[in-house]
There are 2 protein chains.
Amino acid sequence: MTATATQDQAAGVPDEVGSLELGQIGQSLGFLLRLSQIEIFEMFYRALSRYDMKPGEFSILYVIHLNPGVRQGALAERLMIKRAHMTKLIRLYEGRGLVARTIPEDNRRTVHLHLTDEGERFVSENARVFLGYIHQETDRLTPAEADELTRLLRKFLGLEGTP
Amino acid sequence: MTATATQDQAAGVPDEVGSLELGQIGQSLGFLLRLSQIEIFEMFYRALSRYDMKPGEFSILYVIHLNPGVRQGALAERLMIKRAHMTKLIRLYEGRGLVARTIPEDNRRTVHLHLTDEGERFVSENARVFLGYIHQETDRLTPAEADELTRLLRKFLGLEGTP
DNA sequence: TATTGTTATACTCTATAACTATA
DNA sequence: TATAGTTATAGAGTATAACAATA
């Protein structure tokens, strides 16, 4: 295929998408991750757009749900969201009545987060469809391959052995 | 670890990042891809920031280099970049003297792209360090695991068997 | 002096839709 | 009428730096 694509170009034949040569970029983890993420987002919106819930939004609320009282900075670090950005997001969820912020007496610099009753309701109402979707993400792979893919990504991220 | 994190929270013990419970989100391909991409970008800028070259920028020029005369829309589709966005990028590279646009006589709706001499020079000067970087992306994995990871991502993307 | 969160600002990427030229 | 590219506009996500409060 490599030779063909280049020959076609040399011969002035208009290429089509499928025959486009990617070279070593096609083996780049960064390139493949970018394409995969776009693909996942498109799948997500095809499947779940009617639920008016973004992946990032649900993720943050879900992790607060699993870790009531989590410190805002720790949440940001784990989710690789900058602290300044996390402030905006949390204030947004607070404004929507989903998250409550508390400042503990023993360290008044920190902010602890938990879900309001409405936030808990939001998570439990959406968890089934959202978490169910997670298992459909990898339709093109066998179950064993899907497991292996997540295992490798977790190892790449140094997430092995963590919850 | 699941029980511990929750217990700690219930006991009011401030959690730290490493003990944060991610639940099923930690198995989500979308979540892992997002974190992995951030990680790759950070590695990239740590390693290559002095070269004043962004991954996306090099990718586009490299693929034009491999497919001289490629139609702009085909390039956009393959790289999953919206046509409107690709127009801006190509105009930018054209303004920097790296890319030339030609409109073929037989179909004057289309734009064919190729690198200028300076564009070719840019790619050949940067290819070694950029493509060399690609092979360092997966330091935390064994070579076999890195191969398997890219293979699985390519299969997920339906890129198997394409160049 | 270091940590935690906040505010302000700006930039990149991307989406959408309307538009032009061409087929 | 459909296709390819362009233009204009807006929004999301994120980065940076300066700042305040607290330790």
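Keep in mind the model is a prediction, meaning the values are calculated, not measured. First the proteins, then the strands, lettered A, B, ... as listed; each starts at 1.
Distance alone, capped at 3.5 Å, is enough to place a donor-acceptor pair between the B:Thr116 side chain and the B:Gly97 backbone. A donor-acceptor contact shorter than 3.5 Å is absent between the side chain of B:Arg101 and the backbone of B:Gln72. Under the 3.5 Å distance criterion, the side-chain polar atoms of A:Thr150 are left unmatched by any main-chain donor or acceptor of B:Gln27.
A parallel orientation is assigned to the rings of A:Tyr62 and A:Phe58, their planes being inclined by less than 30° (bins at 30° and 60°).
Note that CG of A:Leu157 is 6.5 Å distant from CG of A:Leu153, once rounded to the nearest 0.5 Å.
By the 4.0 Å N-to-carboxylate-O rule, B:Arg151 lies close enough to A:Glu145 to be salt-bridged with it.
Across all non-hydrogen atoms, the minimal contact from B:Leu32 to B:Gly26 is CD2-O, 3.7 Å.
Regarding contacts with the backbone of C:dT3, every side-chain N or O of A:Arg71 stays at 4.0 angstrom or more from both OP1 and OP2. Within the structure, every side-chain polar atom (N or O) of B:Arg109 is placed at least 4.0 Å from both OP1 and OP2 of C:dA21.
Atom-to-atom, CZ of B:Arg83 to C1' of C:dT20 comes out at 13 Å; the value is rounded to the nearest Å. As a whole-Å value, the separation of A:Arg101 CZ from C:dG5 C1' is 8 Å. Between A:Leu75 atom CG and C:dT6 atom P there is a gap of 12 Å when expressed in whole angstrom units.
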Show the atom names and distances, to 0.1 Å, of all donor-acceptor pairs under 3.5 Å that link a side chain in residues 120-131 of chain B to residues at least two apart or in another chain.
| residue | atom | partner | partner atom | Å |
| --- | --- | --- | --- | --- |
| B:Glu120 | OE1 | B:His65 | ND1 | 2.8 |
| B:Ser124 | OG | B:Glu120 | O | 3.0 |
| B:Ser124 | OG | B:Arg121 | O | 3.2 |
| B:Asn126 | ND2 | B:Phe122 | O | 2.7 |

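In summary, contact between chain B and DNA chain D, defined as any nucleotide atom under 4.0 Å from a heavy atom of the protein, begins and ends at D:dA2 to D:dT14 in the 5' to 3' direction.
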Identify the pairs formed between an N or O of the protein and an N or O of nucleotides 11-16 of chain C at a distance under 3.5 Å, and give each distance.
| residue | atom | partner | partner atom | Å |
| --- | --- | --- | --- | --- |
| C:dT14 | OP2 | B:His85 | ND1 | 3.4 |
| C:dT14 | O4 | B:Lys88 | NZ | 2.9 |
| C:dA15 | OP2 | B:Lys82 | NZ | 3.4 |

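Heavy atoms of A:Thr110 sit under 4.0 angstrom from primed sugar atoms or phosphate atoms, though from no base atom.
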